[in-house]
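Following: one structure in structure tokens, then a few remarks.
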Amino acid sequence: MSHPAGSICSRGIVLLLAALSTCSGLFEDQIGKFDWRQQYVGKIVHGAFDITSVDRIIVTTESNVLAAISAKTGELLWRQVLESGPRGTVKLLHVTNPSSTGARVGRGTAALGYDVVTVTGSNPALVRGWNSNTGTLGWEWSLLPALPEEAALAAVWFEHDGLLYHVVPVWGSHLEVTPYQATSGQQARSTTSRIAAGWIAKDRCSLTGTFFVCAIKEQLLALDLAGDATSTVLSKPLGSEAIGSPKPVRGGEPAVIQNGRYYSLRTDQKLAFGPRDSALIDRTVQEGEPILLQGTVDRTNNRLTVNAHRLRDFVRFDPVEFSTEYSESLGDPELVAIRCKQQQQQSSSTARPGLACRVLLSAADGAIVLVQQGKIKWVREEALAEVETADFLDLTLSDAEGAIEEELNNKNEENGLEWDVFGAFQRRISSQVVHMKNLFLHILGIGPVPSTAQSAGLVRDDFGLHKMLIVVTASGKVFGIDNVSGKHHWVRYLPSFTGFGNGQPMRLLVQRTSRFYPLAAQCVILGRERTEPRRGLLYIFNPITGQPVADGGLVELPYRVQQVALLHQTGPDFLKGLLLLDYNDQAHVLPESLAVYADNFYLFTTNPETAQMRGLLVKHRPGATSDGNQLETIPTWQIDVSGAGKSQKIIACEGKNPIEHVHSQGRVMADRSVLYKYINPNLVAVATYGPDNIHKSILNVHLVDVVSGSIVFSMSHKRIRPPLHMVHSENWLVYSYYNDKARRTEMTSIELYEGKTQTNGTVWSSLDAPPLPMVERQSYILPMAVASLKETITEKGITSKHILIGLTTGAVAEMTWALLDPRRPVTSPEKAREEGILPYMPELPLPHEILVNYNQTVANIRGIHTAPSGLESTCLVLVHGLDLFVTRVSPSKTFDLLKEDFDYFLITVVLLVLTTTSCVVKQLASKKIIKQAWK
């Protein structure tokens with residue numbers, strides 16, 4: 001079928017104009033004014049001081065990052081984000097200069113041709129050389145061993161005398177050791193050494209220095225892999241049954257910690273260690289002599305103590321020992337590296353010059369800490385590299401606004417009705433007198449002390465743009481962050497909290513906001529206990545101050561939580577109850593006094609492995625159960641979406657945002673009729689994925705009403721594979737996936753309509769058997785891979801909806817719904833032109849103007865969170881991954897806000913001139929009327 005050239009040109013012009021109309025540029029002076037970015041590296045795996053610089057620390061992390069950190073300020077000097085997943089797991093970091101890693105002093109970087117060497121991945125393993133000054137890649141070679149995947153993952157590496165040793169354990173049999181030249185990748189020996197070691201067992205062994213050591217029964221068995229194949233096996237008795245695998249001691253020396261004791265594999269030295277103690281061996285402190293550092297934390301007094309011993313005779317080495325305060329918001333520390341230099345001679349002849357040391361610590365919560373001369377110099381909160389959930393909350397009122405609010409809430413109940421007006425007038429006069437007094441005292445500098453929130457600047461602004469950002473991380477650390485400046489106002493560490501075993505993160509729920517003055521806001525974090533997975537945990541706190549509620553805020557639940565929801569109604573104190581469902585299908589409400597509001601509450605559960613969905617109805621029956629619980633759960637429906645072959649598994653389940661508002665109930669057509677939206681608040685999108693004998697793999701998307709259990713709509717995609725990302729809002733659904741057949745990323749949009757007649761325009765009920773909707777659907781091609789999807793949200797829902805697309809490149813694109821509209825016509829675009837619908841084109845444009853983070857890329861994007869502001873036009877956005885990026889977007893422009901360059905002087909002059917002119921003209925007109933009357 002041929003198309004006229006003019007028609008094709010007109011389509012292109014219309015699409016270009018539509019794309020340009022949705023673009024919003026950014027001036028250079030606006031960079032960082034409405035947004036900020038914080039970069040992180042993650043929890044340390046390896047670390048060392050770079051001796052070529054006095055201000056550089058080289059680290060590798062669990063987030064697959066190689067970075068250099070300033071030892072003076074803690075700032076990031078450079079960062080290299082490696083491959084994601086197992087391919088980027090760092091197996092070895094070797095700094096060629098002398099440091100706590102045990103590198104040889106005599107080997108310079110000029111002779112070897114590299115500064116830093118890393119080994120990442122296993123099959124293939126990538127060996128890279130880096131420039132420690134700039135972070136640039138110098139060289140690279142790969143090793144693809146002919147091994148099964150499991151054996152390749154168990155392989156370990158170590159460096160010795162300029163050679164890289166690749167060690168592959170064959171459990172219960174032998175060790176395969178192959179040395180390679182570091183820069184070229186050539187084998188240093190003609191064949192691979194096979195060292196017999198029938199005693200090695202999985203999960204019982206580790207590598208320390210050049211020794212491969214295993215804890216077998218009541219002894220430690222070790223083998224020096226840097227020697228020849230005839231090396232003898234070292235044995236050290238433990239005195240009791242070995243618990244777990246040996247923990248290597250950092251520093252390159254052959255030593256481990258096992259069963260609470262330090263064991264040296266070269267000597268018979270032993271030293272008792274506590275369960276929270278850490279160890280480090282360093283050769284650079286005292287002319288190559290190894291020094292053992294032992295770190296101990298006292299949680300009662302919140303102090304960190306580091307003791308030192310010479311390994312030669314175990315004599316205390318006082319110059320590097322210290323004791324310092326250690327915050328309770330930091331996890332248990334682990335010694336990573338140390339660097340010391342000789343202090344200059346003091347002026348007093350009796351004073352002895354000592355050592356000035358820097359000690360690098362890695363906390364259990366992920367924080368990186370540097371201690372200099374016995375005091376903590378800086379802390380990097382690397383827990384924010386693993387954000388699980390977040391939310392924006394309104395701040396409290398200012399002191400002046402709070403006083404007005406208290407005045408309005410204060411009712412004169414003692415007097416009769418005739419005194420209400422007089423009482424209000426008296427309170428108003430008294431309040432004004434107090435305000436004038438406080439103002440006068442404030443000018444003199446002796447006014448009343450402002451509240452804590454007022455002093456910290458945590459007060460609500462006029463437009464609701466200033467909010468508190470609550471962030472919950474995977475390590476159990478909770479942050480209260482200012483969304484305007486990025487400042488961390490408070491930090492809480494919950495070491496016993498972790499996410500749920502089925503891959504679900506911890507939940508953050510808002511029980512009461514700051515709008516109910518003088519009642520404080522209240523949030524709750526739901527998780528499970530780290531050491532006892534069958535018990536749930538709750539942490540209830542004030543999100544503005546970070547302080548827990550009464551009794552410490554920690555609530556231990558005697559059951560495992562299966563589902564959680566907030567009740568729709570609030571109690572007398574405006575607090576929403578928390579409805580919990582355990583694995584016995586028993587419902588619980590916290591606080592229990594709000595159990596009456598859980599009556600006729602519908603819940604649903606999903607089982608991802610079996611692809612089963614169940615619906616439950618919660619009924620409130622006072623005194624109906626013997627255990628005192630007033631709630632009863634009744635199964636209402638059950639469906640199976642696993643397919644005919646029972647091979648499908650649920651990979652995504654997406655509901656609608658509970659705080660969203662739908663402003664427009666319909667869509668105006670070209671003939672002036674209205675196409676009403678199918679707005680079902682109980683609709684949930686469920687995606688299942690599984691193998692298929694004919695099409696290789698199938699992705700199914702179901703729209704399920706979770707109150708009635710009916711499947712409203714289903715659609716299948718063949719030869720599709722994850723990653724899948726979904727966003728569900730109003731009457732539409734958008735999801736992205738990878739098309740395995742076409743080898744590209746695609747996005748599908750679905751819109752649901754009731755038709756041209758609306759069933760019920762006031763209250764929606766899933767139990768009244770509403771009619772099946774009309775479905776419009778369309779697919780588009782995206783030129784880049786998607787990392788996350790999220791829709792914008794505003795307070796009243798008047799502003800147009802845009803889709804925020806987090807890309808794997810680190811960019812975040814703001815795409816208008818007009819480009820994703822499934823009603824974009826393939827033919828007859830003239831009929832849709834009056835509705836403002838663009839002609840269909842399969843490719844979605846991604847111009848640079850729609851990137852909301854311009855050049856502030858966010859590495860490894862994992863999620864996007866949006867929240868409404870006080871302005872209807874503005875939506876607050878948090879993008880989290882390895883970094884944090886906070887900004888604000890205006891999908892329909894700032895129609896409710898004056899521009900920054902608004903000319904107030906000109907409009908004032910115009911108003912004054914118009915007012916003066918109208919007064920003069922009025923006087924002239926009155927005189928004219930009087931003169932005409934006298935004629």
Side-chain angles (χ1 to χ4, degrees), residues 499-505 507 528 533-534 560-565 580-587 602-618 633-656 680-728 733-741 746-750 752 766 772-773 775 777 779 786 788-789 863:
F500 298 94
N502 54 3
Q504 295 294 322
R507 294 290 303 275
R528 66 182 176 93
R534 294 189 175 275
R560 185 181 174 193
V561 179
Q562 181 181 192
Q563 183 63 283
V564 61
L580 304 171
L581 182 70
D582 61 23
Y583 272 81
N584 295 324
D585 290 342
Q586 183 62 51
Y602 287 88
L603 290 172
F604 78 97
T605 62
T606 60
N607 190 328
E609 295 298 324
T610 61
Q612 300 280 339
M613 299 184 66
R614 296 186 306 124
L616 300 168
L617 173 62
V618 180
T633 55
I634 303 173
T636 55
W637 54 267
Q638 182 173 351
I639 57 177
D640 187 352
V641 291
S642 61
K646 304 294 182 181
S647 59
Q648 295 278 314
K649 295 183 179 180
I650 297 178
I651 60 173
C653 183
E654 190 72 24
K656 298 179 181 179
N680 184 351
N682 307 317
L683 204 63
V684 171
V686 179
T688 63
Y689 175 79
D692 185 75
N693 296 330
I694 300 176
H695 304 289
K696 189 176 179 181
S697 60
I698 291 182
L699 173 69
N700 295 322
V701 177
H702 309 278
L703 296 178
V704 182
D705 190 313
V706 294
V707 171
S708 63
S710 60
I711 298 180
V712 176
F713 175 73
S714 295
M715 187 166 61
S716 297
H717 300 270
K718 300 176 178 60
R719 295 199 66 178
I720 299 298
R721 60 183 175 89
L724 175 76
H725 303 281
M726 307 176 71
V727 58
H728 192 190
L733 172 71
V734 174
Y735 54 95
S736 66
Y737 50 85
Y738 184 78
N739 190 325
D740 207 13
K741 181 179 180 180
E746 296 181 356
M747 295 184 70
T748 296
S749 60
I750 301 174
L752 307 178
S766 297
L772 291 178
V775 180
R777 47 187 169 175
S779 294
V786 177
S788 182
L789 288 179

Reported [atom1]-to-[atom2] distance for the pair [X] and [Y], which is rounded to 0.5 angstrom:
X      : Y      : atom1 : atom2 : result
Phe500 : Arg507 : CZ    : CZ    : 8.0 Å
Ser697 : Arg721 : OG    : CZ    : 8.5 Å
Leu683 : Leu752 : CG    : CG    : 6.5 Å
Ile651 : Leu699 : CD1   : CG    : 5.5 Å
Thr606 : Ile650 : OG1   : CD1   : 5.0 Å
Phe604 : Leu617 : CZ    : CG    : 15.0 Å

Residues Arg560, Asp582: salt bridge by 4.0 Å N-O rule: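 Judged by the 4.0 Å cut-off on N to carboxylate O distance, Arg560 and Asp582 do not form a salt bridge.
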
pair [X]-[Y]: side-chain heavy atoms closer than 4.5 Å:
X      : Y      : result
Ile750 : Val775 : yes
Leu733 : Ser749 : no
Val704 : Ile639 : yes

What pairs with Gln562 under side chain to side chain contact (heavy atoms under 4.5 Å, CB included), at least two apart in sequence or on another chain?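 Only Leu581, Tyr583, Asp585, Thr605, Arg614 meet the side chain to side chain contact (heavy atoms under 4.5 Å, CB included) criterion with Gln562.
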
Report yes or no: does [X] contribute a side-chain atom to a donor-acceptor pair with the main-chain N or O of [Y] at less than 3.5 Å?
X      : Y      : value
Arg528 : Arg534 : no
Lys656 : Asn680 : yes
Asn584 : Gln586 : no
Trp637 : Val706 : yes

Using every non-hydrogen atom in the two residues, find where [X] and [Y] come nearest and quote the distance to one decimal.
X      : Y      : answer
Gly863 : Ser788 : CA-OG, 3.6 Å
Ser708 : Asp705 : N-OD1, 3.3 Å
Ile698 : Gln648 : O-NE2, 3.5 Å
Val701 : Met726 : CG1-CE, 4.4 Å

What's the verdict on side-chain contact (heavy atoms from CB on, under 4.5 Å) for Met747 and Val734, showing C-alpha distance, side-chain angles and the deciding distance? CA-CA 7 Å; Met747 295 184 70; Val734 174; 3.5 Å; yes

Excluding sequence neighbours, so at least two apart, what forms side-chain hydrogen bond (donor to acceptor under 3.5 Å, both in side chains) with Thr610?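 With neighbours one apart ignored, the set is Asn607.
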
Run the side-chain donor-acceptor check on residues 711-720: report pairs under 3.5 Å with partners two or more places apart or on a different chain.
unit_1, atom_1, unit_2, atom_2, d
Ser714, OG, His702, ND1, 2.8
Ser716, OG, Asn700, OD1, 2.5
His717, NE2, Tyr735, OH, 2.6

In sequence, state the C-alpha distance, the side-chain angles, and the governing distance for Thr748 and Tyr737, and then conclude on side chain to side chain donor-acceptor pair (under 3.5 Å). CA-CA 9 Å; Thr748 296; Tyr737 50 85; 2.8 Å; yes

Full working for side-chain contact (heavy atoms from CB on, under 4.5 Å) between Ser736 and Leu724: CA-CA 6 Å; Ser736 66; Leu724 175 76; 6.0 Å; no

